[in-house]
Protein chains: 2
Amino acid sequence: MIDNKALLFINFINKYVDLNEIEEKQILEKAKIRKYLKGQYVVQQGDICKHSGFVISGCTRTFYVDDNGEEHIVMFSIENWWASEIGSFVSQKPSDYNVQCIENTELIQLSFEDQELLFRDIPKLERFFRLILEQAFVASQKRIVSSFSLSAKEQYIQFTKQYPEIEKRIPQYMVASYLGISKEFLSKIKNELKM
Amino acid sequence: MIDNKALLFINFINKYVDLNEIEEKQILEKAKIRKYLKGQYVVQQGDICKHSGFVISGCTRTFYVDDNGEEHIVMFSIENWWASEIGSFVSQKPSDYNVQCIENTELIQLSFEDQELLFRDIPKLERFFRLILEQAFVASQKRIVSSFSLSAKEQYIQFTKQYPEIEKRIPQYMVASYLGISKEFLSKIKNELKM
DNA sequence: TAAATATGTTAATCTAGTTTAACATATTTT
DNA sequence: AAAATATGTTAAACTAGATTAACATATTTA
């Protein structure tokens, strides 16, 4: 399938493992590009996530709506990152999270079935995902530690250093939600940092 | 190598993938049992984690000492779980965390080099770790959400439901550290729950 | 360009959880 | 079994961050 945007995806995988041409072709045959408008949902809480997704362009947020109706953002995904709800995808059970596009967004998607077939045919792809998941897990653990050992201000500073591109593209109240603080308090923090 | 405790490890892997006898033998040849006393460190902050470890018996805690000298526990590992510092192990860079035994503990260990060799020879092992890491990542994300959307009391209740065996074996102040609250406040919460 | 909607700010009041410190109870060591 | 160490409790004073509410500024839409 597909125009050459899917090559971004192949290149990304090739940073971790060495695909040969046959393998690249096998993957490209299954991968589909899908375009979403700003505001559209890739996955909704309660739905089963049928596709894994790689961001070609745009930006998504993954968030959880708690029992009080409050939103908590657990991750942002921009170019060259994953934007699927892994928990639901791997278990094929209803998702706990929403994945919403906060810009017009293009994803490369693989269906659950196709991905399983590819895993069977291309063991390197298991390796690729193993490596990606190691990174993701380490980052997630680090975030837990930060939220326990740093003040809100320190966490905000760390966030701006770690993800400067994300911070520029995202409304401030979403940054607050990601950091687990109120938007008013983030506003106060930013004001303090200016002075 | 080894007495039959290592079979626990093989059985655990076989819950996720289907090893044949040759593969089982290959793994058992590399796997070493190591015993630690209560209080001993498997990995120390700043050291490079040379082995991945699977818990045969006992219990470990993985914790981070912040700039104020305060300890923050990021995970406990009991029987049939992993007890290595994945971030340091996979990157072979100095660890951000300590892994300490809080009971006398027996681990099955694989050296980084041996594990890489096994990955090369047994692609199923990549799959196994991919599956394990998916679970770990999902659990880690869930913990972030909980810490943002639940009160300390609710988080404690969730913890006791999710890990009743762990709670029984671990001093209360470590549970508090894991939950990111002070030991005094946990004491107060437990008192409230009694009444 | 006016209206509507989305995003950001400020300040007062409130609260969940921290800190400190003194004491209580287990458990381990001598 | 006494002493020492590790763990747990209670209560008062304190603080980081939440909540509320009113207003300000961008951005989008009609």
Side-chain angles (χ1 to χ4, degrees), chain A residues 37-40 59 61 63 65-73 76 100-104 143-160 166-195, chain B residues 37-41 59 61 63 66-73 76 100-104 143-160 166-195:
Chain A
L37 294 175
K38 180 174 173 175
Q40 283 190 308
C59 181
R61 64 176 181 137
F63 67 104
V65 180
D66 71 22
D67 295 343
N68 305 316
E70 269 158 45
E71 297 181 0
H72 304 279
I73 296 178
F76 299 109
Q100 186 188 29
C101 299
I102 53 185
E103 298 175 2
N104 293 341
R143 214 181 136 201
I144 292 170
V145 170
S146 295
S147 80
F148 287 166
S149 60
L150 302 180
S151 69
K153 189 191 271 186
E154 289 167 327
Q155 282 179 65
Y156 171 67
I157 292 168
Q158 183 180 280
F159 177 77
T160 58
I166 293 182
E167 211 231 334
K168 268 171 231 145
R169 287 160 72 168
I170 262 141
Q172 194 171 307
Y173 69 91
M174 287 192 188
V175 175
S177 170
Y178 177 83
L179 295 174
I181 61 178
S182 68
K183 61 191 171 56
E184 292 84 358
F185 193 52
L186 180 54
S187 178
K188 194 175 172 184
I189 286 169
K190 289 188 80 169
N191 190 36
E192 282 171 22
L193 289 172
K194 255 183 270 168
M195 304 189 287
Chain B
L37 294 174
K38 181 176 171 173
Q40 283 190 309
Y41 284 78
C59 181
R61 64 176 179 137
F63 68 102
D66 71 23
D67 295 343
N68 304 316
E70 267 157 47
E71 297 181 0
H72 303 278
I73 296 178
F76 298 108
Q100 185 187 29
C101 299
I102 53 186
E103 297 176 2
N104 294 340
R143 216 182 134 198
I144 292 170
V145 170
S146 295
S147 80
F148 287 165
S149 59
L150 302 181
S151 70
K153 189 189 271 186
E154 290 167 327
Q155 282 178 67
Y156 171 67
I157 293 168
Q158 182 179 278
F159 176 78
T160 58
I166 294 183
E167 211 230 334
K168 269 171 230 146
R169 287 161 72 167
I170 264 143
Q172 195 171 306
Y173 70 91
M174 288 192 189
V175 174
S177 170
Y178 177 85
L179 295 175
I181 61 177
S182 67
K183 61 191 171 57
E184 292 84 358
F185 194 51
L186 179 54
S187 178
K188 194 174 171 185
I189 286 169
K190 287 188 81 169
N191 190 37
E192 282 170 22
L193 289 173
K194 254 182 273 169
M195 304 189 289

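Each chain gets a letter, A, B and so on, in the order the sequences are listed, and its residues count up from 1. All values derive from a computational prediction rather than experimental measurement.
Atom CD1 in B:Ile181 sits roughly 16 Å away from atom C1' in D:dA16 (whole-Å rounding). Atom-to-atom, CG of B:Asn191 to C1' of D:dA11 comes out at 12 Å; the value is rounded to the nearest Å. In this entry the distance linking CD of B:Gln172 with C1' of D:dG8 reads 6 Å, nearest Å.
Counting heavy atoms from C-beta outward, A:Glu71 and A:Gln100 have side chains that stay 4.5 Å or more apart. Contact of the A:Gln172 side chain with the A:Ser187 side chain is registered, since non-hydrogen atoms from C-beta on lie closer than 4.5 Å.
Listed nucleotides C:dG17, C:dT18, D:dG17 differ in distance to B:Ser182; the shortest reach to its side chain belongs to C:dT18. Among the nucleotides D:dT19, C:dG17, C:dA21, the one closest to any side-chain atom of B:Glu184 is C:dA21. If you check D:dT10, C:dT19, D:dA16 against the side chain of A:Phe185, the one that comes closest is D:dA16. Checking D:dT7, D:dG17, C:dG8 against the side-chain heavy atoms of B:Pro171 singles out D:dT7 as nearest. For B:Ala152, counting side-chain heavy atoms from C-beta on, the closest listed nucleotide (C:dG8, D:dT10, C:dG17) is C:dG17.
A donor-acceptor contact shorter than 3.5 Å links the side chain of A:Asn104 to the backbone of A:Lys38.
Nucleic acid contact class of A:Gly39 (heavy atoms, under 4.0 Å, all strands): none.
A ring-ring contact (aromatic ring centres under 6.0 Å, His included) with A:Tyr178 is found for one member of A:Phe76, A:Phe63, A:Tyr156 and no other, namely A:Phe76.
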